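Working notes for the structure below.
The sequence lines fix the lettering, A, B, ..., with proteins before strands; numbering per chain opens at 1. Predicted model only: the values in this text are computed from it and were never measured.
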Number of protein chains: 2
Amino acid sequence: MADPATKASTAAGSGAGAQRERHPTIRDVAELAGVATSTVSRALSRPERVNPRTRARIEEAAAELNYVPSSQAQGLSSGRTNAVAVLVPDITNPFYFDIIRGTQHQLKAAGVTQLLVDTEESSEMELDALHKMRKSADGFILAASRLTDAQLAEVSQSQPLVTFNRASTSAPTVMIDTPSAIIQALEHLASLGHHKVCYVAGPPTSWSNQMRWKVFEEDATKRGMEVHRIGPYAPKTTSGAAAADAAVRTGATGCIVFNDLLAIGMLQRLKARGIRVPEDMSIIGSDDIFGADFCNPPLTTISSPIEQAGRVAVSMLLAQLNPLSGNASRQLAVMPTHLTIRESTGPAPA
Amino acid sequence: MADPATKASTAAGSGAGAQRERHPTIRDVAELAGVATSTVSRALSRPERVNPRTRARIEEAAAELNYVPSSQAQGLSSGRTNAVAVLVPDITNPFYFDIIRGTQHQLKAAGVTQLLVDTEESSEMELDALHKMRKSADGFILAASRLTDAQLAEVSQSQPLVTFNRASTSAPTVMIDTPSAIIQALEHLASLGHHKVCYVAGPPTSWSNQMRWKVFEEDATKRGMEVHRIGPYAPKTTSGAAAADAAVRTGATGCIVFNDLLAIGMLQRLKARGIRVPEDMSIIGSDDIFGADFCNPPLTTISSPIEQAGRVAVSMLLAQLNPLSGNASRQLAVMPTHLTIRESTGPAPA
DNA sequence: CAACTTTTGGCAACCGCTTGCCACACGCTT
DNA sequence: AAGCGTGTGGCAAGCGGTTGCCAAAAGTTG
């Protein structure tokens, strides 16, 4: 009934902007409670510093006025913003959703605002954000940073940050235990009788991509497998077609793919070409993103607690910001991985 | 040569925390350029207000010092924060990722920071966030708000906001053209020979859920179909099992499901139970989320430009904040929908 | 060249809150 | 009773900008 369109015409009357009512300030509260603003400030931030009776009066006044301190003003004078920026290379990638979810959750629990930034896989944008936001964030979480070691070192000197999935000697880091994961995956392939394996590479600037390949090559060689490598490919399902075709051409029967997005794309292409998975070719993805369990066939993949990794990253950053908790904040957290075996892997073709 | 760094040297003592170097302020720039701070401020915000030569000097100085204005301080005095809060009921839901992506993109283009908030499907949290952040955001975008009409009306009076997928007479709204979508879907089902149809309901507090059901019932009845309704179910894949079982029990051969998440969950359950889709039952989802194209079978679903909807919402909000653009800001935007037919729908069983 | 208009840029008062420093009051000790 | 320690709360100086107001400088005009 209440048709939204009808009202639209009338609503325009008062000029477009909704007028903001004046919000109560700390002064209003102070006045109402009969104390100085400084006392109000202290009552709210360091309650033990003020007499319980006074504090009660102040809290009452604040409640009555519905007072909310301005984080801006707070930040201005105290120097801390109570915000943390989370930089991800591609907000489009479900993998980062998981980490964002983790950071969001933990930050909220700590009463800190999350500033989400998409750096579009570019180190320039990353650097730029780091610079522009240095005033508006107390710290940074860099997911899969594209920065060079030198840049990272420099940046980490001037602002608190923690990196995720990007080794760094200069900043605390949380990492996925990639080496172990790759080894597990190769073990799985080996036990299914695969001899020719292929690594499907992701972005060359990705540190974890480099790591994965390195371990892959080492371990596969040690096992006496025939090792191939194709790529790099953009970590998107749309790149899967090219990757699938190239993979087939290598003659490998088992592929370990940089990430699930790419792996799912390959699955689609392989199906389209009539190449059966896993009968003709086995595919192992990485990250166990949303969708990996219901794609066709369900994807065998390297799982790890991504969301938890996000939470850990936040904890590490917060510890860094809050020197109270002993300056012995951990510098490295390694998240365990395990292989989740679904239906995209099977015995090597005869 | 007042070196801004000299002052910082003493600040080093701490230890664990990375020490922040003192950042140049507008005063440093003013000094270096030989002008007053007010001039610097103006040169940066209203360039035409200052002599080109002076401005050049200032810009040069700013660049040399690597000056970045503090958004906090800016906000304090000017009253605007240059941030917009986006409230979503569940950051875990891929549907919202799309909209977040849209808002993020558009906000960034406008140089506005996005504050992402997960309200956990709760109207209390939503209200709370709206209240707590009124000082830290210039405006709000409420995705699928859980607020009552009255609450919404009240809130929209005190702060600029736009709602998404939630009709409102009090605030600008962007909506998905649900009625048309449902009708398209029913038409599709009808043309495939289905006579018994079922609506699988989502959260009762969701406005779009109510809308969908209303139109579903009307239109299906008009077509002389046997209409069923089951639910409510949480919009998650995990609720799909219960939904699938209930749907089967109704005897319906075609289901229109509140959203893709739920639909995909149903697909999984149906497959597990050996009920073939679409041979035994057709399923239509809604939203065309990530994964809908590669689940098994690929899901027929109601598509709409969600990401674009996010962008539109931002534009509407920005227009509201910026009265310059004529106060004729649109009050309602309806995003078109279309049915994306994949493989989860087919002829009704004989 | 004087009178007048328009630019341009400085002064200073905030914006709302934090915090170092100090004063007062109260309760104890000696 | 004087001396003190301690707990409380006020004063006021910022934090880093913005902006209304005004005066000096520059440009116009008759």
Nearest-nucleotide comparison on DNA chain C, the residue closer to the 5′ end among Ser71(A) and Val40(B): Val40(B)
Please give me every residue in residues 43-51 of chain B whose heavy atoms get under 4.0 Å of an atom in DNA chain C, ordered by residue number. Arg49(B), Val50(B), Asn51(B)
Heavy atoms of Met175(B) and Arg166(B) approach each other most closely as CG-N, 4.4 Å
Which salt bridge (charged side-chain N to carboxylate O under 4.0 Å, His left out) pairs, counting each pair once, include a residue from residues 28-43 of chain A, with sequence neighbours left out? Arg22(A)-Asp28(A)
Going by the salt bridge (charged side-chain N to carboxylate O under 4.0 Å, His left out) test, which pairs reach into residues 110-132 of chain A, not counting sequence neighbours? Glu120(A)-Lys108(B), Glu121(A)-Arg146(A), Asp128(A)-Lys132(A)
Degree of bending, the helix from dC1(C)-dG30(D) to dT30(C)-dA1(D) (end axes from five pairs; round to 10°): 50°
Residue pairs involving residues 63-77 of chain B (criterion salt bridge (charged side-chain N to carboxylate O under 4.0 Å, His left out); sequence neighbours excluded): none
Output all residues satisfying salt bridge (charged side-chain N to carboxylate O under 4.0 Å, His left out) with Arg55(A), sequence neighbours left out; order by chain, then residue number. none
Across all chains, not counting sequence neighbours, the side-chain hydrogen bond (donor to acceptor under 3.5 Å, both in side chains) partners of Thr54(B) are none
Pairing residues for Arg57(B) by the salt bridge (charged side-chain N to carboxylate O under 4.0 Å, His left out) criterion, not counting sequence neighbours: none
Residue list, salt bridge (charged side-chain N to carboxylate O under 4.0 Å, His left out) with Glu307(B), at least two apart or on another chain: Arg311(B)
Output the single nucleotide from dT8(C), dT8(D), dG10(C) whose closest atom is nearest the side chain of Thr54(B). dT8(C)
Excluding sequence neighbours, so at least two apart, what forms ring-ring contact (aromatic ring centres under 6.0 Å, His included) with Tyr96(B)? none
For Ile58(A) and dG9(D), give me the distance from atom CD1 to atom C1', rounded to whole Å. 9 Å
Under 4.0 Å protein heavy-atom contacts per nucleotide of nucleotides 11-16 of chain C, with B for base, S for backbone only and - for none: BB--BB
Sort and list the pairs that fulfil salt bridge (charged side-chain N to carboxylate O under 4.0 Å, His left out) and have at least one residue in residues 66-90 of chain B, not counting sequence neighbours. Asp90(B)-Lys236(B)
